[in-house]
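None of the values given here were measured: they were computed from a predicted structure.
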Amino acid sequence: MEEILSWAGDGEDDMAFKYNIIRAFEDERAEGKEEGKEEGKNLKLIGQVRKKLSKNISLEETADMLEEEMAAIAPIYDLLKSHPDWEDERICAGLVKPESQAPERGTDVSL
């Protein structure tokens, strides 16, 4: 960011440029922070659901125990049942973008 800001001079237009650059960086940082919080929350929930599933606890009981709506738990539960070998991060990505369930290049996904 310092390098970008150094491109501007001291004129009024340059000050507006600097302000806009700083504002854009701050907005991006805030957005990234919010996305990180949401991902962390999802990863925690996935881990909790994984533990319940490993104990053969039903979807209904899991939702009740975690005090979550079944609609929120069901996609996680289904992905974990279908792909028990997937890491939590991959399950999380599958929740956000179902197309990410496609095999990665060079990955053996035989079930």
**Close side-chain approach of L45 and I73, heavy atoms under 4.5 Å** =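 The answer is yes; the side chains approach within 4.5 Å.
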**Sub-4.5 Å side-chain heavy-atom contact between L66 and K52** =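 Yes, at least one pair of side-chain atoms sits under 4.5 Å.
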Which value, rounded to the nearest 0.5 Å, describes the distance between [X] atom [atom1] and [Y] atom [atom2]?
| X | Y | atom1 | atom2 | value |
| --- | --- | --- | --- | --- |
| Q48 | L43 | CD | CG | 11.5 Å |
| K55 | E61 | NZ | CD | 12.5 Å |
| E35 | E38 | CD | CD | 9.5 Å |
| R29 | D27 | CZ | CG | 10.0 Å |
| T62 | K51 | OG1 | NZ | 13.0 Å |

**Request:** Could you check D64 against E60 for side chain to side chain contact (heavy atoms under 4.5 Å, CB included), going step by step and ending with a plain yes or no?
**Result:** CA-CA 6 Å; D64 186 51; E60 294 81 9; over 6 Å; no
Least distance between heavy atoms, [X] atom then [Y] atom:
| X | Y | answer |
| --- | --- | --- |
| A72 | P75 | O-CD, 3.7 Å |
| L80 | I46 | CD1-O, 3.9 Å |
| W86 | L79 | CZ3-CD2, 4.2 Å |

**Request:** Kindly indicate, with the supporting measurements, whether the criterion side chain to side chain contact (heavy atoms under 4.5 Å, CB included) is fulfilled by R50 and I91.
**Result:** CA-CA 10 Å; R50 184 184 296 276; I91 296 293; 4.1 Å; yes
**Request:** Could you state whether M70 and V49 fall into the same hydrophobic cluster, counting links through intermediate Ile, Leu, Val, Met, Phe, Trp or Tyr residues with side-chain heavy atoms under 4.5 angstrom apart?
**Result:**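 Yes, it is one cluster - the side chains of M70 and V49 are joined through contacts under 4.5 Å.
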